[in-house]
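Have a look at the structure below before the remarks.
Per chain, numbering begins at 1; letters A, B, ... match sequence-line order.
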There are 2 protein chains.
Amino acid sequence: MDEQTEAIDLMRSITSKLIRNQANTMQNLNLNQQQGRTLQYIGLHEGLIQKDLADAFLLRGATISSMLQGLEQKGYIERRVPSDNERQKQIFLSERGSKVLADVNQVFIDSQKKLKQTINDKEYQELIRLLRAVNQNM
Amino acid sequence: MDEQTEAIDLMRSITSKLIRNQANTMQNLNLNQQQGRTLQYIGLHEGLIQKDLADAFLLRGATISSMLQGLEQKGYIERRVPSDNERQKQIFLSERGSKVLADVNQVFIDSQKKLKQTINDKEYQELIRLLRAVNQNM
DNA sequence: TCACAACTCTTAGAAATCTAACTGTCAACA
DNA sequence: TGTTGACAGTTAGATTTCTAAGAGTTGTGA
């Protein structure tokens, strides 16, 4: 592997494997990875607006718009225009969405468990520390 | 951040930022990130067949097929059926593809430099070591 | 040898994502 | 108060990626 790009090559490789591992289960839930991540984020920040999602995932507003239309059609979320600002739409999980979210969370938890098993506990703690620093400073 | 999924959340976050950083330059080259990665891989393994790409990137054969049609239309690659196995197609960079590849490589090198600057040298070496181990054992 | 499975790639059609342009709402300030 | 720019979200159309099904080629075992 080329040393000049090894770090990002490794991250991409690991990410691909994680997505592949999750693919089967997510497909049973009728979601792709991005939709699953979005449901998770909504669960943690109910009432957020679409722009918050665009910022969190570094995606275009139009992409969020389309994705949420999909999640709304599947009955996983509800969108409401707040009375104090008619430009925005607040997003909430539906009852059905909350149920699916539990399954989605489990998929990601299992993924992390799998990752954790590849190195020992001390190494894992160090990896987390380093990734935090990288993420924070980028 | 949820501890149960923090490792994968961090990796996804960092990956998103890398892609976002590269987006402008890649767009000038008329390529997206996946297409850039594919050109890199072809450059390193000229004469490989489509299946090799599907395996390397954990993508479906159909996806590779479509993507290569795009790269072929743009004149960046050539595909040839080898005489000893008519099922396959070997892939080569065109002259134009080789030129673009130099620019693409620079984008990824710059990305890694940016990542490297977020932590000190010793930490960076340790990060590489840990990512290698994770990637290998997954 | 020949039937059948495996392999490699393609196509068709659906879904997701992107860019660019647009609508409607709010905020700032002369 | 009225204009102007910023903000939040949508739509249209192109591109990418996916799944499912299919075509042609090769390998294998009876």
Using whole Å, report how far [atom1] of [X] lies from [atom2] of [N].
X	N	atom1	atom2	answer
E72(A)	dA15(C)	CD	P	17 Å
N24(A)	dC18(D)	CG	P	14 Å
D55(A)	dC7(D)	CG	P	11 Å
Q33(A)	dT17(D)	CD	P	15 Å
L71(A)	dA15(C)	CG	P	14 Å
D84(A)	dC7(D)	CG	C1'	14 Å
F57(B)	dT16(D)	CZ	P	16 Å
M67(A)	dT10(D)	CE	C1'	15 Å

Requested in this report: Give a yes/no on whether any side-chain N or O of Q34(B) is located under 4.0 angstrom from OP1 or OP2 of dT16(D).
Outcome: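 Checking dT16(D) against Q34(B), no side-chain N or O comes under 4.0 Å of OP1 or OP2.
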Requested in this report: Would you tell me if any nitrogen or oxygen in the side chain of R60(A) comes within less than 4.0 Å of OP1 or OP2 on dT19(C)?
Outcome: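 Answer yes for this pair, as a side-chain N or O of R60(A) is under 4.0 Å from OP1 or OP2.
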**Report entry** Whichever of A23(B) and Q35(A) has its nearest DNA chain C nucleotide further upstream toward 5'
**Finding:**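 Counting from the 5' end, the first nearest nucleotide belongs to Q35(A).
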Any donor and acceptor pair, going by atom type alone, linking the side chain of [X] with main-chain N or O of [Y] inside 3.5 Å?
X	Y	answer
Q112(B)	A7(A)	yes
T5(A)	I8(A)	no
S94(B)	Y76(B)	yes

Report task. Drop me the distance from I77(B)'s CD1 to Q90(B)'s CD, to the nearest 0.5 angstrom. Result ->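 It comes to 12.5 Å.
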Report task. For N21(A) and S111(A), test the side chains for any donor-to-acceptor distance below 3.5 angstrom and give the result as yes or no. Result ->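 On atom types as modelled, these side chains do not qualify, holding no pair under 3.5 Å.
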Query raised in the report: Does one side chain, of D110(A) or Q106(A), offer a donor that lies under 3.5 Å from an acceptor on the other?
Result: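 The criterion, which ignores hydrogens and geometry beyond distance, is satisfied for Q106(A) and D110(A).
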Requested in this report: Of all the heavy-atom pairs spanning I42(A) and F92(A), show the shortest one and how long it is.
Outcome: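 For I42(A) and F92(A), the tightest heavy-atom pair comes out as CG2-C, 4.3 Å.
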Below 3.5 Å is the cut-off: list the nitrogen or oxygen pairs between protein and nucleotides 2-12 of chain C, distance only.
{"unit_1": "dC7(C)", "atom_1": "O2", "unit_2": "R87(B)", "atom_2": "NH1", "d": "3.3"}
{"unit_1": "dC9(C)", "atom_1": "OP1", "unit_2": "Q50(B)", "atom_2": "N", "d": "3.2"}
{"unit_1": "dC9(C)", "atom_1": "OP1", "unit_2": "K89(B)", "atom_2": "N", "d": "3.0"}
{"unit_1": "dC9(C)", "atom_1": "OP2", "unit_2": "K51(B)", "atom_2": "N", "d": "2.7"}
{"unit_1": "dT10(C)", "atom_1": "OP1", "unit_2": "R79(B)", "atom_2": "NH1", "d": "3.3"}
{"unit_1": "dT10(C)", "atom_1": "OP1", "unit_2": "K89(B)", "atom_2": "NZ", "d": "2.6"}
{"unit_1": "dT10(C)", "atom_1": "OP2", "unit_2": "Q50(B)", "atom_2": "OE1", "d": "3.3"}
{"unit_1": "dT10(C)", "atom_1": "OP2", "unit_2": "Q50(B)", "atom_2": "NE2", "d": "2.9"}
{"unit_1": "dT10(C)", "atom_1": "OP2", "unit_2": "S65(B)", "atom_2": "OG", "d": "2.3"}
{"unit_1": "dT10(C)", "atom_1": "OP2", "unit_2": "R79(B)", "atom_2": "NH1", "d": "3.4"}
{"unit_1": "dT10(C)", "atom_1": "O5'", "unit_2": "S65(B)", "atom_2": "OG", "d": "3.4"}
{"unit_1": "dT11(C)", "atom_1": "OP2", "unit_2": "Q69(B)", "atom_2": "NE2", "d": "3.1"}

